[in-house]
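Presented below is the structure to which this report refers.
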Protein chains: 2
Amino acid sequence: MHVVVPFGADDPKTRLSPVLDADERREFAEAMLADVLDALDAFGSEPTVVADAPVDCAAPVTVDERPLSAAVNARLDDTDDTKAVVMADLALATPAALARLFDTEGDVVLAPGRGGGTNAVVARHPEFRVDYHGVSVRDHREAVRATGASLATVDSFRLATDVDEPADLVEVLLHAEGRAPAWLREAGFAVTATDGRVDVDR
Amino acid sequence: MHVVVPFGADDPKTRLSPVLDADERREFAEAMLADVLDALDAFGSEPTVVADAPVDCAAPVTVDERPLSAAVNARLDDTDDTKAVVMADLALATPAALARLFDTEGDVVLAPGRGGGTNAVVARHPEFRVDYHGVSVRDHREAVRATGASLATVDSFRLATDVDEPADLVEVLLHAEGRAPAWLREAGFAVTATDGRVDVDR
């Protein structure tokens with residue numbers, strides 16, 4: 001299976017700016033990417049990282065400066081075989097969660113992300129293309145139905161949790177293993193509970 | 001299996017106040033409760049709703065004005081059999097998601113909620129008690145380990161999504177079926193995408 005891992009290497013994770021400076025965001029984003037590649041490694045899936053700028057990681061990198069959807073679709077055009085797209089900021093991804101994604105039957109299998117996103121896809125239908133603009137999980141569902149292909153969904157908290165905002169760091173610290181939570185702890189982050197609200201503190 | 005469904009009937013869902021008035025919050029909370037009871041109905045599990053004020057619903061209701069953890073633990077004290085606690089605001093819960101919870105082996109099975117919560121539990125160990133204060137998923141894990149009981153976790157986006165804040169309504173509209181999403185649509189809510197951010201609009 002061809003697995004595409006899109007990575008925003010040019011000024012990554014801007015919505016974490018309230019808690020991390022530019023260098024830190026880059027380091028943390030690369031730690032998450034490394035964790036995702038580690039989890040994928042269990043499947044011998046030979047992922048390709050598609051990035052908008054060079055990045056140093058354990059997989060081959062294709063630099064493509066087009067918008068995300070166009071860059072991913074260019075890779076999907078390359079083959080009619082089964083392919084998958086797995087986001088690089090799924091810090092909670094484990095081999096077990098990815099196995100459920102890869103083992104689910106269906107022409108197209110979606111792992112919804114929080115807030116209407118699509119965090120991972122397996123496409124066994126040659127016509128499937130991604131469109132991450134707007135409410136992508138709804139758009140992907142409609143596109144699959146329009147082609148008459150069969151659609152399945154993976155119900156996974158780990159795959160639904162992409163890490164974009166400071167509040168998401170709670171999930172990384174509580175549920176992830178690997179470089180990303182280690183990086184956060186090293187940087188002084190910890191989960192705190194005050195007045196019934198759970199947050200991260202540095 | 002004894003299933004306890006805690007429901008905050010006295011001024012429910014206060015964090016939805018920016019988008020719903022008090023009567024609407026009550027109606028919407030009851031719609032979510034009805035959906036959760038429907039999903040549980042597939043298991044013949046005979047749930048008991050534990051509420052801090054009377055509520056009209058399709059299951060027996062025990063009114064207990066103590067804080068949440070004490071009210072739930074009073075029910076857990078009643079039996080040494082397998083018991084479960086499933087939150088009433090899991091609007092995305094389906095029989096399939098609950099089946100994964102109930103079928104997972106382990107003395108204690110946790111379904112983590114977003115933000116450090118514990119949205120559902122199956123306890124096959126007589127000593128297990130809940131403590132929803134603070135970072136409850138972390139506290140529950142530590143408590144289970146301290147007793148030497150075996151611990152398992154269910155990886156479910158549907159069970160991880162409790163509905164507390166306006167942003168959570170996106171998940172209800174995109175992924176739930178039943179009374180809660182119907183209520184929101186009837187009230188004029190829709191998912192919108194502006195400038196790459198997904199939100200609800202009324």
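So that the names make sense, note that chain A is the first sequence line, chain B the second, and so on, each numbered from 1.
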* Scan residues 59-78 of chain A for pairs that pass ring pair (Phe, Tyr, Trp, His ring centres under 6.0 Å), counting only residues two or more places apart or in two chains. =>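 Counting only pairs at least two positions apart or across chains, no ring pair (Phe, Tyr, Trp, His ring centres under 6.0 Å) contact touches residues 59-78 of chain A.
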* **With sequence neighbours excluded, residues passing ring-ring contact (aromatic ring centres under 6.0 Å, His included) with Phe189(A)** =>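 Result, ring-ring contact (aromatic ring centres under 6.0 Å, His included) vs Phe189(A): none returned.
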* Tell me, side chain or backbone of Val137(A) under 4.5 Å from chain B's heavy atoms, or both, or neither? ->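 The side chain, not the backbone.
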* Nearest non-hydrogen partners of Ala193(A) and Gly134(B), listed with the distance ->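 For Ala193(A) versus Gly134(B), the nearest heavy atoms are CB-CA, 3.7 Å.
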* Partners of Pro126(B) by side-chain contact (heavy atoms from CB on, under 4.5 Å), sequence neighbours excluded? ->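 Counting only residues at least two positions away or on another chain, Pro126(B) forms a side-chain contact (heavy atoms from CB on, under 4.5 Å) with Asp80(B).
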Listing needed: what donor-acceptor pairs below 3.5 Å join chain B with chain A?
unit_1	atom_1	unit_2	atom_2	d
Arg100(B)	NH1	Asp155(A)	O	3.1
Arg100(B)	NH1	Asp155(A)	OD2	3.4
Gly115(B)	N	Glu171(A)	OE2	2.7
Arg141(B)	NH1	Leu174(A)	O	2.9
Arg141(B)	NH2	Leu174(A)	O	3.0
Arg141(B)	NH2	His175(A)	ND1	2.9
Asp155(B)	O	Arg100(A)	NH1	3.2
Asp155(B)	OD1	Ser156(A)	OG	3.3
Asp155(B)	OD1	Phe157(A)	N	2.8
Asp155(B)	OD1	Arg158(A)	N	2.8
Asp155(B)	OD2	Arg100(A)	NH1	3.4
Asp155(B)	OD2	Ser156(A)	OG	2.7
Ser156(B)	OG	Asp155(A)	OD1	3.3
Ser156(B)	OG	Asp155(A)	OD2	2.7
Phe157(B)	N	Asp155(A)	OD1	2.8
Arg158(B)	N	Asp155(A)	OD1	2.8
Glu165(B)	OE2	Arg197(A)	NH2	3.4
Glu171(B)	OE2	Gly115(A)	N	2.7
Leu174(B)	O	Arg141(A)	NH1	2.9
Leu174(B)	O	Arg141(A)	NH2	3.0
His175(B)	ND1	Arg141(A)	NH2	2.9
Arg197(B)	NH2	Glu165(A)	OE2	3.4

